[in-house]
Engineer: 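For reference, the structure I am asking about is given below.
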Amino acid sequence: MDDNYKIRKFREEDLEKVVLINRLCLPENYSSSFFLDLHKNYPEIFIVAEHNNEVVGYVMGRVEVGFSDFHKFKIARKGHIVSIAVLPEHRMKGIGTALMLQALKNMVLHYNCQETYLEVRVSNEKAINLYKKLGYKEVRRIPLYYLDGEDASVMSQELKLEEIQKQTLNHQ
Ligand code: COA
């Protein structure tokens, strides 16, 4: 990721650009209030990437409490990645990785999460590669999860701050 890119927290004035990036990049689109609600409740894991002061990518998530994917019958705080996208002309430059690493770090530091998970279309190889690189593994599939009938792969990992910091250093 070159010096013209910057990773920072979402601000309300970014809303229009983030909504646009979401519409351009993904079939799963949301109302403005959905974005704002996530920001209100989990501001530390709503992150954007800027290129020359223009927002070019975002990641957002929420925190949930539920059964651990790794320890039987244990309850865990889980950081759920709800959506991530980078504009096509800015892809393959490490932006997606940088957005994810910042969100994962903040899940631990600000929300005390022990695990993180997400859903991804089984055909979305690029995103699956990104998540695998970060340590996520498929834990189950959800048939017909998406409106067009595609299955979701649920990918999950335990959060380890030291590991995230190591990956962040290697990514700089
Ligand atoms: N083909 C194969 N793997 C790819 C890829 C491609 N075209 N683009 C990214 N990846 C994988 C690689 O493993 C890559 O690591 P590497 O560079 O060491 O090989 C890794 O992702 C990280 O790439 P990075 O440059 O950090 O990601 P990005 O900025 O290109 O963003 C997405 C990745 C998925 C966010 C981006 O492709 C995107 O916005 N896609 C459309 C929206 C989407 O599918 N979101 C996910 C929904 S679950």
Engineer: Do Val108 and Asn112 pass the side chain to side chain contact (heavy atoms under 4.5 Å, CB included) test, and can you show the C-alpha distance, the side-chain angles, and the key distance before you say yes or no?
Structural biologist: CA-CA 5 Å; Val108 180; Asn112 210 12; over 6 Å; no
Engineer: Testing the 3.5 Å rule here: is there a donor-acceptor pair between the side chains of Tyr58 and Asp14?
Structural biologist: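 No, Asp14 and Tyr58 have no side-chain donor paired with an acceptor closer than 3.5 Å.
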Engineer: With no hydrogens and no angle check, do the side chains of Tyr146 and Glu28 hold a donor and an acceptor under 3.5 Å apart?
Structural biologist: no
Engineer: Might you point out which heavy atoms bring Ala98 and Met1 nearest each other, and give the distance in Å?
Structural biologist: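 Looking at all heavy atoms of both residues, the closest pair is CB-SD, 3.7 Å.
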Engineer: Heavy atoms only: give me the nearest Val55-Val18 pair and the separation to one decimal.
Structural biologist: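 Distance-wise, the nearest heavy atoms are CG1-CG2, 4.3 Å.
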Engineer: Got a donor-acceptor contact below 3.5 angstrom from the Arg121 side chain to the Asp151 backbone?
Structural biologist: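 No, because the side chain of Arg121 does not come within donor-acceptor range (under 3.5 Å) of the backbone of Asp151.
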Engineer: Any side-chain donor-acceptor pair under 3.5 Å between Thr116 and Gln157?
Structural biologist: no
Engineer: Nearest heavy-atom pair of Ala152 and Glu119: which atoms, and what distance?
Structural biologist: CB-CB, 4.2 Å
Engineer: Using a strict 4.0 Å threshold on nitrogen-to-oxygen distance, state whether Arg77 and Glu115 make a salt bridge.
Structural biologist: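 No.
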Engineer: Compute whether any side-chain donor of one residue and acceptor of the other, for Tyr30 and Ser83, lie under 3.5 angstrom apart.
Structural biologist: no
Engineer: Between His110 and Tyr42, do the side chains contain an N or O donor and an N or O acceptor separated by less than 3.5 Å?
Structural biologist: no
Engineer: Are Glu89 and Arg91 close enough, and set up right, to give a salt bridge (charged side-chain N to carboxylate O under 4.0 Å, His left out), and what steps lead you there?
Structural biologist: CA-CA 6 Å; Glu89 59 272 32; Arg91 289 182 192 162; over 6 Å; no
Engineer: Which heavy atom of Leu159 sits nearest to which heavy atom of Cys113, and what is that distance?
Structural biologist: CD1-CB, 3.7 Å
Engineer: Does Asn4 reach the main-chain N or O of His51 with its side chain, forming a donor-acceptor pair under 3.5 Å?
Structural biologist: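 Not at all, since once roles are kept as given, no pair shorter than 3.5 Å links the two residues.
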Engineer: For residues Gln114 and Ile75, report the shortest heavy-atom separation together with the two atoms involved.
Structural biologist: OE1-O, 4.5 Å
